[in-house]
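Below: the structure, in structure tokens.
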Number of protein chains: 2
Amino acid sequence: MTEHRGEPLGLRARKKIAAMERIQDAALDLFEARGFDAVTIEAVAEAAEVSPRTVYRYFGTKEMLVIWDEFDEVELSPLVDAFASSDPIDGLRQGLHLGFVNLEGEQLRRSKRRLRLVYGVPAVEATLALHAAAFSRRIAAHVAPVHGELRSHVLVHALVAGILGAMRHWTLNDFKESPIDLLDQALDVLQHGTGTPPDESERHE
Amino acid sequence: MTEHRGEPLGLRARKKIAAMERIQDAALDLFEARGFDAVTIEAVAEAAEVSPRTVYRYFGTKEMLVIWDEFDEVELSPLVDAFASSDPIDGLRQGLHLGFVNLEGEQLRRSKRRLRLVYGVPAVEATLALHAAAFSRRIAAHVAPVHGELRSHVLVHALVAGILGAMRHWTLNDFKESPIDLLDQALDVLQHGTGTPPDESERHE
DNA sequence: CTGCCATTTGTCAGTGACTGCCTATATGCT
DNA sequence: AGCATATAGGCAGTCACTGACAAATGGCAG
């Protein structure tokens, strides 16, 4: 179907991803129909025609059934480069724009279903936050030599928080606004610092 | 012992807080001795001489045994005021400084124990992140009329991320640096925006 | 085509967090 | 003291998650 990245994926790996997508679809269906908490792993397994043990082997936790994304293995290097420059945001903007224009059709619909569940189920949002934090830490560690340790961590975490904030806003407003615009706005806030009001009408200093 | 805030606390409330502190102490002891995962709620209950059911009633979840803090009911209004001003950070700085100078002696030691566990156990950190996010959202909702919805959320979440980042850094470096300095530095990063390098020696623009 | 090996999937039994329900007990108030 | 109410404990059950072992599947050499 989608040609993930032209990368040399083994036959086995493809089958596994296909199975995971089938299981995730079944899970999303059930979660949307009955609510996350009211669905047991056993029910998901049954719907996807695998054993519960297999679901656990693939996804590890129930929350991961929502979070998982076949692109989970993000290329780290471009992001690290973006952050390492003296102003990280513009590079980041580029990367995110690219990520979003590549998202379309079935992919996009799937992402929206997942986002609705992420921001509708606290436990899932917490898991996502945890993963985002781990990811941020990896990046911050790479960037630390350039910006300093504390600054790097604060910067990276703030930016990730901004990105997730934009996603959250996008999701909870029914995806009406352009995600790229929202991302841009969020990054603007962080780029210009907190001292600048949104427009000229509120200046005090 | 500590005179929480001179507030009109009922006798009942005091006893409950005392009991919770006793249970939390027992839990922290066990978590430090054997590791968070290796301690069952039953063991905590036994050590604190209450029933497991009572531990659940008081704390709800195992993670909360670490997270809980007798000041959890934070006064919202001063923070809201801080955020609502055109530059939220300076007000925030004041509030945090006050919070930290009030932290001393037994209080401080307890906080450090808790922080070590928070940042040493992913599950606990995730729970804290969840609570911080919920808290951020409440503040952002209050602030939205002033700064706009998206901007408010991004701002508040970034600031909270910055504060937690400073705490994390403080904790994982064995509390050697001054927490107030770290907080100041973290807030500086966010206040000035991401375009400014830490010092003059790295300018690329 | 067939038997062999490795990888994958399923089965089973167990642990422990967490909840609802009901009973017992303790506490504040008159 | 005596009553009403809030609070602690006991009990049974659900479900996420794990480790160990058995079954099956699929690629591959002979």
Side-chain angles (χ1 to χ4, degrees), chain A residues 8-24 26-28 30-31 33-68 117-118 121-128 130-131, chain B residues 8-24 26-28 30-31 33-68 117-118 121-128 130-131:
Chain A
L9 277 189
L11 309 173
R12 220 113 179 179
R14 262 182 196 288
K15 278 195 69 169
K16 179 173 176 176
I17 288 189
M20 287 180 80
E21 285 182 345
R22 215 184 60 243
I23 296 170
Q24 190 180 51
L28 294 179
L30 289 171
F31 292 159
R34 302 185 209 161
F36 184 80
D37 290 337
V39 176
T40 66
I41 295 281
E42 203 180 336
V44 173
E46 194 173 350
E49 296 181 299
V50 291
S51 77
R53 199 68 184 79
T54 298
V55 177
Y56 282 116
R57 251 194 284 265
Y58 280 177
F59 292 94
T61 69
K62 193 178 176 184
E63 288 79 27
M64 271 306 190
L65 282 166
V66 180
I67 307 261
W68 178 80
L117 283 163
V118 166
V121 183
V124 179
E125 190 177 1
T127 304
L128 180 63
L130 191 61
H131 279 250
Chain B
L9 278 188
L11 307 174
R12 218 110 177 186
R14 263 182 196 287
K15 279 196 69 169
K16 179 172 177 177
I17 288 188
M20 287 181 81
E21 286 182 345
R22 216 182 60 241
I23 296 171
Q24 190 179 53
L28 295 179
L30 289 171
F31 292 159
R34 302 185 209 162
F36 185 80
D37 291 337
V39 176
T40 66
I41 295 281
E42 204 181 335
V44 172
E46 194 173 351
E49 296 181 299
V50 292
S51 75
R53 198 69 186 75
T54 297
V55 176
Y56 282 115
R57 248 194 285 267
Y58 279 0
F59 292 93
T61 70
K62 194 178 176 185
E63 288 79 26
M64 270 309 195
L65 282 166
V66 180
I67 307 262
W68 178 80
L117 283 163
V118 166
V121 182
V124 179
E125 191 177 1
T127 304
L128 180 63
L130 191 61
H131 279 249

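The chains referred to below are lettered A, B, ... by the order of the sequence lines, with proteins before strands, and numbering in each begins at 1. Fair warning: this is a prediction, and the values are worked out from it, not measured in the lab.
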ask   = Taking the side chain of B:Glu63 as heavy atoms from C-beta outward, which of C:dC21, C:dC18, C:dG10 is closest to it?
value = C:dC18
Parallel, tilted or perpendicular, as decided by the 30° and 60° cut-offs, for the rings of B:Phe36 and B:Phe31 = tilted
request  = Rounded to the nearest angstrom, tell me the gap between atom CG in A:Leu65 and atom P in D:dC15.
outcome  = 16 Å
remark   = Rounded to whole Å, the CD-P distance (A:Glu49 to C:dG10) equals 11 Å
remark   = Value for CH2 (A:Trp68) from CD1 (A:Ile17), rounded to nearest 0.5 Å, stands at 6.0 Å
task = Please state how far atom CG in B:Leu30 lies from atom P in C:dA17, giving the value in whole angstrom units.
result = 12 Å
inquiry  = At 4.0 Å (heavy atoms only), tell me whether B:Val44 reaches a base, stays on the sugar-phosphate, or touches nothing.
reply    = nothing
note = In this structure, CE of B:Met20 is separated from CE of B:Met64 (nearest 0.5 Å) by 9.0 Å
inquiry  = Can you identify which nucleotide, out of C:dA17, C:dC12, C:dC21, has its nearest atom closest to the A:Arg53 side chain?
reply    = C:dC12
Side-chain N,O (B:Lys15) to OP1/OP2 (C:dT27) below 4.0 Å = yes
ask   = Nearest 0.5 Å, what's the OG1-CD1 distance between A:Thr54 and A:Ile23?
value = 7.0 Å
ask   = Nearest to the side chain of A:Thr40 - C:dT9, D:dA20, D:dC15?
value = D:dC15
message = From CE of A:Met64 over to P of D:dA16, roughly how many Å is that when rounded to an integer?
response = 17 Å
query = Which value, rounded to the nearest 0.5 Å, describes the distance between B:Ser51 atom OG and B:Glu42 atom CD?
reply = 10.5 Å
query = In whole angstrom, what separates B:Arg57's CZ from C:dT19's C1'?
reply = 11 Å
message = Side-chain N or O of A:Tyr56 versus OP1/OP2 of C:dG10: is the shortest distance under 4.0 Å?
response = no
request  = Would you indicate what B:Val55 reaches in the nucleic acid, counting non-hydrogen atoms under 4.0 angstrom: base, sugar-phosphate, or nothing?
outcome  = nothing
ask   = Whole Å only: how far is the CD atom of B:Glu46 from the P atom of C:dG16?
value = 13 Å
message = So if I take every side-chain heavy atom of B:Tyr58 and compare against D:dT7, D:dG9, D:dA16, which nucleotide ends up nearest?
response = D:dT7
ask   = Atom CD1 of B:Ile41 and atom P of D:dA16: how far apart are they, to the nearest Å?
value = 19 Å
message = Considering every strand and a 4.0 Å limit on heavy-atom distances, what is the contact class for B:Phe59: base, sugar-phosphate, or nothing?
response = nothing
task = Report yes if at least one side-chain N or O of A:Thr54 is closer than 4.0 Å to OP1 or OP2 of C:dG10; otherwise report no.
result = yes
task = In whole angstrom, give the distance that lies between atom NZ of A:Lys62 and atom P of D:dT14.
result = 15 Å
